[in-house]
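I have placed the structure first, in the form of structure tokens, so that the comments after it can refer back to it.
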Amino acid sequence: MNILIKDIGQLITCANKGRIPKAGKKQSEIGLIRNGNIFIEKDKIAFAGSNAELKKFLAGSAVKNYDVIDGRGKVITPGFIDSHTHFVFAGSREDEYEMRQAGKTYQEIAKAGGGILSTVNAVRNSNKSELTELSGKRLDNFIKYGSTTVEGKSGYGLDLGNELKILEVMKELNENNKYGIDIIPTFLGAHSVHPEKSREEYIYEICHNIISIVSREGLAKFIDVFVEVNYFTKEEADKIFTFGKKYGLTAKLHTDQFNSVGGIETGIKHNAASVDHLEVLKEDDIELLAAHCKDKKKRNIIATVLPGVSYFLGIPYAPARKLISKKIPVALATDFNPGSCMTENIQMIMSLASVHLKMTAEEILNAVTINAAFALNIESKSGSIETGKQADLLIFDMPSYKYLVYNFGVNHLETVIKKGKIVLHVN
Ligand code: NIG
Ligand code: FE
């Protein structure tokens, strides 16, 4: 199927001409074209540009059969990329949510046997088909709010069989979900230690057994560690990333969520694709990240901030403005999980980023598209509307892209195009 979308009120391309993530002032450059046009050939974008450019393109194109969509009064953006989620899990933790409302902290609940370990028990008691069904329903929610690519982490298994089970569910869903959502899997064995094992034993198991199997079976692209008091130290993360690298897995980190215990340094040492959370990030670590991002020879690390967690847990918000002022590229994600952020709605996160992180609508758009693509190493395929990229587009019925954060709490999304196919009419 080929499609021409014509006369688009506002076409937001998020084009990244420099082929680097958007940082500093560039984080505001969204590549806006008024009365723009997009030509989709099969699953790819063949053209995106102005009316004059379209004429030239059509004259030179051999493709004469195509559907036409009227883009007047619409805003079109790249499909959103949710680059940090834990969407494969069983059970739920609304009881903990209520305990927190009554004054208990996330850490107190975890110490008393709740938190991550309670979801681990639920996952261990579920089989693959139950997990697949639950997770498939969550994909329906992700795409309803515009996420056409979703990263997902293991970490609710905490032993070989159960970690593989979660990753296999993601593999199956990636190959077969009704919208063609791209699912990018991350191995997060080091999410917590299950009391059945000593930490030394479990870390040994991760490094000397699980990583090699995950890699051999092609079950993950990334390896993540929760660097935090009572979870994993920077030295343990260092060791786990060293083994991960040997098996072709790129580092990502949960770090500086409640305490700052050296995760940033470890992330930089291992050229992490992203460092995520950053609610209590220290000045020194911001400087380290800024220096790393300045170095043209190194691939930028994306700072992925998760304001939904701050909102849901009542903890500080990450210093997004400071990150942007220091030219560190910022991405936004839901961190969808049953404990610290129970929402698949990336638009809600965009609103929080506007109100609480004081990010502009433009910065936010790049944070959920091209910068998020860089956080997943998929920037050559996804994250912007440019010739040659996969045709993942969102059509919104609203007068301006600014309505995404201004007219909040309303889903303006009308149509989702994934890999060149109309896969969903929302409104
Ligand atoms: O990203 N911080 C660690 N992991 C998750 C929470 C997981 C859970 O509570 O189940 C997070 O916030
Ligand atoms: Fe997380």
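Both counts, for ligands and for their atoms, begin at 1 and track the order of listing.
The option from Phe312, Tyr231, Phe226 that lies nearest to atom 3 (C) of ligand 1, judged by heavy atoms, is Phe226.
For atom 1 (O) of ligand 1, the closest non-hydrogen atom of the protein is Asp335 OD2, 2.7 Å. Closest to atom 4 (N) of ligand 1, if we only count protein heavy atoms, is His191 NE2, 2.8 Å. The protein heavy atom nearest to atom 2 (N) of ligand 1 is Gln257 OE1, 2.7 Å. When only non-hydrogen protein atoms are considered, atom 9 (O) of ligand 1 lies nearest to Tyr106 OH, 2.4 Å. When hydrogens are left out, the protein atom nearest atom 12 (O) of ligand 1 is Ser340 OG, 2.6 Å; that is the closest non-hydrogen contact. Considering only non-hydrogen protein atoms, atom 7 (C) of ligand 1 sits nearest to Tyr156 OH, 3.3 Å.
Residue Gly339 has at least one heavy-atom neighbour below 4.0 Å for each of these atoms of ligand 1: 9 (O). Heavy-atom proximity to Ile116, at under 4.0 Å, picks out these atoms of ligand 1: 7 (C), 8 (C), 9 (O), 10 (O). Interface atoms of ligand 1 facing His277, defined by a heavy-atom separation under 4.0 Å, are 1 (O), 2 (N), 11 (C), 12 (O).
Judged purely by atom type and a 3.5 angstrom limit, Asn371 has no side-chain atom pairing as donor or acceptor with the backbone of Ile302.
Ligand 1 is never approached by Glu228 to a heavy-atom distance shorter than 4.0 Å.
Contact check on Lys165 versus Glu172 returns no salt bridge, with no Lys/Arg side-chain nitrogen under 4.0 Å from an Asp/Glu carboxylate oxygen.
For the pair Lys282/Ile286, no side-chain contact is recorded, criterion being any heavy-atom separation below 4.5 Å from C-beta on. Between Asp335 and His277 there is a side-chain heavy-atom pair separated by less than 4.5 Å.
Under the 3.5 Å distance criterion, with hydrogens and angles disregarded, no donor-acceptor pair is assigned to the side chains of Gln347 and Asn345. Side-chain N/O atoms of Arg100 and Thr105 include no donor and acceptor closer than 3.5 Å. In this structure, a donor-acceptor pair under 3.5 Å is absent between the side chains of Asp43 and Gln390. Looking at Asn174 and Lys171, their side chains never bring a donor and an acceptor atom within 3.5 Å of each other.
Here the Fe ion (ligand 2) is the vertex; the NE2 atom in His254 and the NE2 atom in His84 give an angle of 90° (to 10°).
The only member of Lys153, Lys221, His86 that meets side chain to side chain contact (heavy atoms under 4.5 Å, CB included) when paired with Thr186 is Lys153.
Proximity of the aromatic rings of Tyr403 and Phe396 is defined here by a centroid distance below 6.0 angstrom, and this criterion is not met.
Residue Asp335 approaches the Fe ion (ligand 2) most closely through its N/O/S atom OD1. Its N, O or S atom nearest to the Fe ion (ligand 2) is what matters here, and for His86 that atom is NE2.
Considering both main-chain and side-chain atoms, Thr119 never comes within under 3.5 Å of ligand 1 through any nitrogen or oxygen pair.
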